[in-house]
Amino acid sequence: MATPEVYEGFIARPKGTTLRDVSAAEFIPAYAAHLKKSDGMVLPNWVDLVKTGAHKELAPYSDDWFYVRAAAVARKVYLKPGLGVGGLSRVFGGPERKGVKPMHFRNCYRGILRHIIQQLEKVGVIEIDEESGSGRMVTKAGRRDLDRIACTVASELVVDEPVAAEEDEDDVEEGEGEGADE
C-alpha cells in the first residue's frame, strides 16, 4: 500500500482501484467467471441456438458467451450510466459483410440485451436510472462488486509484472554476452 503524501496541511489518501483502472480484456473474463459461479443468473433455453446480431453468420462458439456478454454490459453501464437497450445494441453491433456489396452497420439483437439487463437487475447489479427514466445505472452493491473484482484483477497484474521484468533482464544479459564474443 502506498504511503499518503502530505501537501500543505492536506493528507492525500491512497487511491483505490476501480473498474476504470483495469482494461476490458482482463476484467470481462474475471467478472464473467464471477457471474457464472454465483447462482443469481438463469440462462434462457435458447442460449445455445441464437445469433447475437444480424451482422453475425453463426451463433457464438463459447458455452459461456452469455456470461461474457453480461459482464460486458455491466461494464458499459458502469462506464456510461444512462445507457439503455438501444444504446447497448449500437455498442455491441458491427458491420454486416455482404460479399462484394458495401458494408453497413447493424445493431445487435435487442432481445438478448433485454434478457441480460433483466438478469443483472435481478442479481442487483444494475437498476433503472431515475434521472433519465429509461436508461440503466449501476447500484451501490453492483459498483462495490465490480470494483472489488477490478481490484482483484489489478492486484494479480501487479504480482505478475515484476516476474516478467526480471525475465527480461536475464534475456538482455545473455544477449550482451553473445554479441560481445562476435
Side-chain angles (χ1 to χ4, degrees), residues 1-41 52-53 55 60 62 64-95 105-110 112-166 168:
M1 183 171 183
T3 11
E5 299 178 20
V6 179
Y7 297 102
E8 301 173 16
F10 174 75
I11 299 176
R13 295 184 187 171
K15 191 175 180 183
T17 303
T18 64
L19 180 88
R20 295 179 189 273
D21 301 328
V22 180
S23 71
E26 285 105 17
F27 175 77
I28 291 175
Y31 192 60
H34 170 74
L35 288 174
K36 187 175 181 180
K37 199 168 39 173
S38 66
D39 296 332
M41 292 192 70
T52 57
H55 61 286
S62 173
D64 298 334
W65 73 268
F66 193 81
Y67 297 109
V68 173
R69 180 61 59 99
V73 166
R75 180 181 176 274
K76 283 294 181 188
V77 171
Y78 180 99
L79 295 175
K80 293 182 91 175
L83 269 179
V85 175
L88 287 169
S89 70
R90 284 188 293 277
V91 168
F92 291 108
F105 184 84
R106 297 286 181 246
N107 293 341
C108 78
Y109 290 145
R110 295 177 181 197
I112 297 170
L113 290 175
R114 243 181 263 117
H115 190 79
I116 288 172
I117 287 173
Q118 289 169 358
Q119 292 295 314
L120 289 173
E121 285 178 349
K122 191 170 107 177
V123 172
V125 176
I126 61 176
E127 64 185 0
I128 294 178
D129 188 6
E130 298 297 328
E131 293 176 15
S132 69
S134 62
R136 300 298 193 278
M137 61 183 278
V138 178
T139 62
K140 285 186 177 183
R143 183 173 297 274
R144 184 180 61 236
D145 199 28
L146 292 167
D147 287 340
R148 181 181 51 83
I149 291 173
C151 186
T152 305
V153 169
S155 66
E156 290 173 359
L157 292 175
V158 169
V159 170
D160 291 342
E161 286 179 7
V163 174
E166 290 173 7
D168 291 341

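Below, each value reflects all heavy atoms present in this structure, side chains not excepted, and no hydrogens, waters or symmetry copies. It should be emphasised that the depicted structure is a prediction, and the values quoted were computed from it without experimental measurement.
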Any heavy-atom pair between the side chains of [Y] and [X] that's under 4.5 Å?
| X | Y | answer |
| --- | --- | --- |
| Y78 | D147 | yes |
| Q119 | V125 | no |
| L113 | F92 | yes |
| I112 | W65 | yes |
| R136 | D129 | no |

Distance, nearest 0.5 Å, that separates [atom1] of [X] from [atom2] of [Y]:
| X | Y | atom1 | atom2 | answer |
| --- | --- | --- | --- | --- |
| L120 | T139 | CG | OG1 | 10.0 Å |
| I116 | L88 | CD1 | CG | 9.0 Å |
| L146 | R75 | CG | CZ | 10.5 Å |
| D145 | K140 | CG | NZ | 15.5 Å |
| D21 | C151 | CG | SG | 9.5 Å |
| M137 | E131 | CE | CD | 7.0 Å |

If we ignore hydrogens and angles and just use 3.5 Å, is the side chain of S89 paired with the main-chain N or O of R110 as donor and acceptor?
no

Write down the atom of C108, the atom of R69, and the distance for their closest heavy-atom approach.
SG-NH1, 4.2 Å

Using every non-hydrogen atom in the two residues, find where K76 and L83 come nearest and quote the distance to one decimal.
O-CD1, 3.9 Å

Answer yes or no: are there more than 12 heavy-atom neighbours, outside R90 itself, under 6.0 Å from its atom CZ?
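Not more than 12 within 6.0 Å, no.
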
Any chance you could lay out the side chain to side chain contact (heavy atoms under 4.5 Å, CB included) test for R143 and L19, step after step, and finish with the verdict?
CA-CA 9 Å; R143 183 173 297 274; L19 180 88; over 6 Å; no

